[in-house]
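Below: one structure, written as structure tokens.
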Amino acid sequence: MSGKAATTAKTAGIGKMLLAALAAFAFTFSLVPLYRIACEKVFGIRLDNTAASVDAGAGVVAEARMVTVEFDGGVNSSLPWSFRPNQARMQVQVGQQYETTYYAHNDGDRAIVGTATPSVAPARASGYFAKTECFCFTAQTLAAGETRDMPVRFIIDPSLPADVKTITLSYTFFKNDVLTEREQQSAAVGASSNVPYAAP
């Protein structure tokens, strides 16, 4: 075989390889629309929504989910306070922050320090109920006859189980005996220091 014929044969071989590669690429590229057509025509399944759009849609649904939050409150018998929520219930959207307030009034004739203990029902929802601000984080002091609105800010985690439709947030206020005694001693010292000096 002459050199010219060998070159021609080699060129033809390369051309065939390129054609085969292009054909394989075209076949692979056509598989996606063919698969879509087969699913729609044979199985009746529409593939218009991609995984990303499905995930985005699920996110919108989760964000739009509404839950009812009920509020409750009371005091221990040793604490002479009136305490109750200013709002009995609220419709909230999961993932959004909300604020409510509780009414507190010292019915006693002296300053009293109280500490609030929160609870969430049902118990399995407590891990999804986050308080970002709460009067329960610190002890509260009310002077005799003082009234105060105490705020609570909260967010419900969007991953709250789907079957939980209502959550109850409840507080019980207890008298903090140690801090109350300290507060009353400070008040007594302050009162005695304000007594005018009487010359002998």
Side-chain angles (χ1 to χ4, degrees), residues 54-193:
V54 170
D55 290 342
V60 170
V61 171
E63 290 176 3
R65 179 184 171 194
M66 303 300 289
V67 176
T68 300
V69 179
E70 297 179 339
F71 304 100
D72 189 23
V75 296
N76 181 267
S77 59
S78 64
L79 181 64
W81 284 11
S82 299
F83 177 71
R84 62 179 178 273
N86 283 320
Q87 185 173 356
R89 65 180 52 84
M90 179 188 296
Q91 287 287 322
V92 304
Q93 182 176 330
V94 297
Q96 301 294 319
Q97 179 169 272
Y98 291 85
E99 179 176 321
T100 189
T101 57
Y102 276 73
Y103 165 90
H105 177 78
N106 183 355
D107 301 327
D109 56 2
R110 296 180 298 174
I112 300 176
V113 181
T115 302
T117 301
S119 65
V120 174
R124 63 196 183 95
S126 60
Y128 304 91
F129 194 102
K131 295 181 286 296
T132 59
E133 180 182 333
C134 182
F135 54 85
C136 62
F137 293 162
T138 58
Q140 301 293 321
T141 302
L142 292 182
E146 182 182 358
T147 297
R148 186 183 305 163
D149 283 331
M150 300 182 176
V152 181
R153 290 181 184 168
F154 62 90
I155 300 173
I156 297 178
D157 192 313
S159 58
L160 175 76
D163 61 330
V164 177
K165 310 295 185 184
T166 302
I167 298 176
T168 301
L169 175 64
S170 181
Y171 290 94
T172 301
F173 250 110
F174 295 87
K175 181 181 178 183
N176 190 316
D177 292 318
V178 174
L179 294 182
T180 296
E181 183 177 351
R182 191 177 301 167
E183 177 72 24
Q184 292 172 357
Q185 287 175 352
S186 298
V189 170
S192 62
S193 65

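None of the values given here were measured: they were computed from a predicted structure.
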Look at atom CD of Glu133 and say whether more than 12 heavy atoms of other residues, nucleotides or ligands are closer to it than 6.0 Å. yes
Does [X] reach the side chain of [Y], with side-chain heavy atoms less than 4.5 Å apart?
X: Met90; Y: Thr100; value: yes
X: Val75; Y: Thr172; value: no
X: Met150; Y: Phe173; value: yes
X: Val94; Y: Val67; value: yes
X: Lys175; Y: Thr180; value: yes
X: Gln93; Y: Tyr98; value: yes

Tyr128: which residues meet the ring-ring contact (aromatic ring centres under 6.0 Å, His included) condition with it, sequence neighbours left out? none
When rounded to the nearest 0.5 angstrom, what is the spacing between [atom1] in [X] and [atom2] in [Y]?
X: Asn106; Y: Thr147; atom1: CG; atom2: OG1; result: 9.0 Å
X: Arg182; Y: Asn176; atom1: CZ; atom2: CG; result: 8.5 Å
X: Leu142; Y: Glu183; atom1: CG; atom2: CD; result: 10.5 Å
X: Glu146; Y: Trp81; atom1: CD; atom2: CH2; result: 8.5 Å
X: Phe71; Y: Thr101; atom1: CZ; atom2: OG1; result: 9.5 Å
X: Leu169; Y: Lys131; atom1: CG; atom2: NZ; result: 6.0 Å

List, one per line, each side-chain donor-acceptor pair under 3.5 Å for residues 160-168, sequence neighbours excluded.
from   : atom 1 : to     : atom 2 : distance (Å)
Asp163 : OD1    : Arg124 : NH2    : 3.2
Asp163 : OD2    : Arg124 : NH2    : 2.6
Lys165 : NZ     : Ala162 : O      : 3.1
Thr168 : OG1    : Glu70  : OE1    : 3.4

Measure up the Phe129 and Phe154 rings against each other and bin them: parallel (under 30°), tilted (30 to 60°), perpendicular (over 60°). parallel
One pair to check against side chain to side chain contact (heavy atoms under 4.5 Å, CB included): Val92 and Ile156. What are the steps and the verdict? CA-CA 8 Å; Val92 304; Ile156 297 178; 3.6 Å; yes
Write down the atom of [X], the atom of [Y], and the distance for their closest heavy-atom approach.
X: Cys134; Y: Val152; value: SG-CG2, 4.4 Å
X: Asp109; Y: Ala144; value: C-CB, 3.4 Å
X: Tyr103; Y: Asp149; value: CA-OD1, 3.9 Å
X: Asp107; Y: Ser82; value: OD2-OG, 2.8 Å

Arg110: which residues meet the side-chain hydrogen bond (donor to acceptor under 3.5 Å, both in side chains) condition with it, sequence neighbours left out? Gln184
Within the 6.0 Å centroid threshold, strictly below: Tyr171 and Phe135: yes
